[in-house]
There are 2 protein chains.
Amino acid sequence: MNSLSHISGIPLYIQIREKLRQDISHGLLLPGQKIPSEDQLAKQFGVSRMTIRQSLAGLLSEGLLHKQHGVGTYVSHVRIAANYTRMTSFTQDALAQGKNPSSELIDIKKSVVGEEIAKLLAIHKGDIVVCLKRLRKINEHPVAIQISQVPEKICPPELENYDWSRQSLFELLEAHGHRLNRAIETINARLADKEQAKLLGLHIGDPLLYIERITFGDNGMPVEFVEMYNRPDSYRCTITLTR
Amino acid sequence: MNSLSHISGIPLYIQIREKLRQDISHGLLLPGQKIPSEDQLAKQFGVSRMTIRQSLAGLLSEGLLHKQHGVGTYVSHVRIAANYTRMTSFTQDALAQGKNPSSELIDIKKSVVGEEIAKLLAIHKGDIVVCLKRLRKINEHPVAIQISQVPEKICPPELENYDWSRQSLFELLEAHGHRLNRAIETINARLADKEQAKLLGLHIGDPLLYIERITFGDNGMPVEFVEMYNRPDSYRCTITLTR
DNA sequence: CAGTGGTCTAGACCACAGG
DNA sequence: CTGTGGTCTAGACCACTGC
């Protein structure tokens, strides 16, 4: 039984990958269990072995499966969500978890960048950036302060006129032709100052998870620099490392 | 000129990948520049296109290259170190950066695990774990406190007799037949308590980067659970996200 | 339209693990 | 030894981009 569709337009390797993912999440394939060999899967789905290998590659990189040369491919013991090192927006993230994201605009303005930020955004010192400061909420509880800086030259016009309580910057930039491709995050710990504590409902000196992110577009150029101050109790940053 | 070796035992796609990596790091291929198409590279190196694609896959996942469907493959503008989501030990990490890692053993003991840790290590409540508490130093400056818990049944015997100022737990477990394969880290912010502040040379209430890690062996079973308290000024946790 | 990367095939031989 | 995953080929057609 394979049930692959050659006319759906969805690549076979993705259909197979998602079928395997379902089999795992539905318990048909249990943690620690060996899945059929690549040859067997190829016959079962009626595709070539290279296509099966492409299907497995995604699940392997997520850590959902692991291989042993000369032995077989196994379902990992701890289930790992698919998106741990995937770039997602705050809005997408929250919606995917069935939560209700919203934002409160604290400030939006244009400003001149200093040397440091200019370097990160690959622009020149003195260039103009749009600076967007938002309080992010999940189910109406404040969880993070985000300060985004985007070079003015790649910004959609009239940024001030959007409804930032609902508008995703991520989606806006994509709609404006900047397909986002990759990001680098640096994570650290900081103490809440007076303003941060007030906005996040904490006390001065409480710990915050501080994340800096540079997001790159399809052409490899930096698109935004974001600083995030996260409530440590409501934001979990989990990553998967591989050998 | 291709200069690939069929007798070195090194797979062709790795030889090609490293050749491309060199061309980039030596400036023969500049950031933003388009590299030859997959077909051209295949002819140039005398291999099939699939082999070229395999070579590129590694560089793409590192962010060193990026592709645009229908356009070409380009060298990324910001160089990214190879190991951002690679699992490495504290010792390996430091040595790779040309620094001098050392440790100070604070405590080593066997203890009974509670329900929570047992779950993380996929063992039973009441099982025995070896608990290793170390102060990690770089060039003799304390940078982190690490508390590792390893199920007794997979521990090498007589753990107490090792010289923990030099011994890497990572290497010891590998030498004892537990090839480490994958890890999941959860990152958060905490405040230093009295003991932590003293060990790390900070004040009570200073912010610490708190990381929990579960490391998995080749067979997919958890091998160790580690809690790390890092000085935020001397530890940078940087990860690369991809779409 | 031509050029590029995206997907896919139907084989092949090798390296490794385990019985 | 058998079965597994690791590497590799020499094609093919499709989807996307930019001219």
Side-chain angles (χ1 to χ4, degrees), chain A residues 2 4-20 33-61 64-76 174 177-179 181 217-220 242-243, chain B residues 2 4-20 33-61 65-76 177-179 181 217-220 242-243:
Chain A
N2 61 59
L4 296 187
S5 162
H6 280 268
I7 55 170
S8 67
I10 301 173
L12 296 177
Y13 80 94
I14 292 181
Q15 294 183 47
I16 295 168
R17 186 185 68 200
E18 296 313 314
K19 175 70 168 60
L20 289 172
Q33 193 178 335
K34 187 160 136 180
I35 73 171
S37 73
E38 296 177 351
D39 268 325
Q40 285 170 10
L41 287 171
K43 277 174 194 144
Q44 180 184 328
F45 285 107
V47 300
S48 79
R49 190 176 149 220
M50 286 304 286
T51 303
I52 293 296
R53 284 178 65 79
Q54 205 173 354
S55 302
L56 298 182
L59 301 173
L60 288 164
S61 77
L64 205 57
L65 298 178
H66 62 273
K67 288 188 181 192
Q68 282 182 264
H69 191 174
V71 184
T73 304
Y74 296 81
V75 181
S76 297
E174 295 237 313
H178 295 284
R179 273 186 304 189
N181 179 46
D218 237 6
N219 60 359
T242 51
R243 189 81 188 261
Chain B
N2 62 60
L4 296 185
S5 162
H6 281 268
I7 55 167
S8 67
I10 301 173
L12 296 177
Y13 80 93
I14 292 181
Q15 294 183 49
I16 295 168
R17 187 185 67 199
E18 297 312 315
K19 176 69 168 60
L20 289 171
Q33 192 179 336
K34 186 159 137 180
I35 73 171
S37 73
E38 295 177 350
D39 267 328
Q40 284 169 10
L41 287 171
K43 276 173 195 145
Q44 181 184 325
F45 285 106
V47 300
S48 78
R49 192 176 149 218
M50 286 304 286
T51 302
I52 293 296
R53 285 178 65 78
Q54 204 174 354
S55 302
L56 299 182
L59 301 173
L60 288 163
S61 77
L65 298 177
H66 61 275
K67 288 189 181 192
Q68 282 183 265
H69 191 174
V71 183
T73 304
Y74 296 81
V75 181
S76 297
H178 295 283
R179 272 188 302 191
N181 180 47
D218 236 7
N219 61 359
T242 52
R243 189 85 188 260

Arg17(B): partners by salt bridge (charged side-chain N to carboxylate O under 4.0 Å, His left out), with sequence neighbours left out:
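Arg17(B) satisfies salt bridge (charged side-chain N to carboxylate O under 4.0 Å, His left out) with no other residue.
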*asked:* Can you tell me whether the side chain of His69(A) and the base of dA17(C) have a donor-acceptor pair closer than 3.5 Å?
replied: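 Donor-acceptor pair under 3.5 Å: no.
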May I ask you to evaluate whether [X] reaches the phosphate of [N], defined as a side-chain N or O under 4.0 Å from OP1 or OP2?
X	N	result
Thr73(A)	dG5(D)	yes
Arg53(A)	dG5(D)	no
Gln68(B)	dT17(D)	no
Thr51(B)	dT9(D)	yes

Does Ile35(B) reach the side chain of Leu56(B), with side-chain heavy atoms less than 4.5 Å apart?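 A side-chain contact exists here, since the closest heavy-atom pair is under 4.5 Å.
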Answer yes or no: is there a side-chain heavy-atom contact under 4.5 Å between Leu64(A) and Val75(A)?
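No, side chains not in contact.
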Measure from [atom1] on [X] to [atom2] on [N] and round the result to the nearest Å.
X	N	atom1	atom2	answer
Lys43(B)	dT4(C)	NZ	P	9 Å
Lys67(B)	dT17(D)	NZ	C1'	15 Å
Arg17(B)	dC8(D)	CZ	P	11 Å
Ile52(A)	dG11(C)	CD1	P	16 Å
Gln54(A)	dG6(C)	CD	P	10 Å
Arg49(B)	dG6(C)	CZ	P	8 Å
Phe45(B)	dA10(D)	CZ	P	17 Å
Leu65(B)	dT4(C)	CG	P	16 Å

- Item | Lys67(A) (side chain) donor-acceptor with Leu60(A) (main chain) under 3.5 angstrom |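 It does not hold such a pair.
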> Which distance, rounded to the nearest 0.5 Å, do you find between the CG of Leu65(B) and the CG of Leu20(B)?
Replying inline: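 One gets 7.0 Å once the value is rounded to the nearest 0.5 Å.
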Could you identify which residues of residues 34-42 of chain B place a heavy atom less than 4.0 Å from some atom of DNA chain C, listed by residue number, or say none?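 When residues 34-42 of chain B is checked for heavy atoms under 4.0 Å from DNA chain C, the hits, listed by number, are Ser37(B), Glu38(B), Gln40(B).
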Do you know which two heavy atoms are closest between Ala42(B) and Ser48(B), and how far apart they sit?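 Scanning both residues, the minimum pair turns out to be CB-C, 4.0 Å.
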- Contact nearer the 5' end of DNA chain C, comparing Val71(A) with Val47(A):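 Of the two residues, Val47(A) wins.
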With Arg49(B), which of Glu38(B), Gln40(B), Gln54(B) fulfils side-chain hydrogen bond (donor to acceptor under 3.5 Å, both in side chains)?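 For Arg49(B), the side-chain hydrogen bond (donor to acceptor under 3.5 Å, both in side chains) test succeeds with only one of Glu38(B), Gln40(B), Gln54(B), which is Glu38(B).
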Worksheet entry | Residue Met50(A), side-chain heavy atoms: nucleotide from dA12(C), dG5(C), dT9(D) that is nearest |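 Ranking dA12(C), dG5(C), dT9(D) by closest atom to the Met50(A) side chain puts dT9(D) first.
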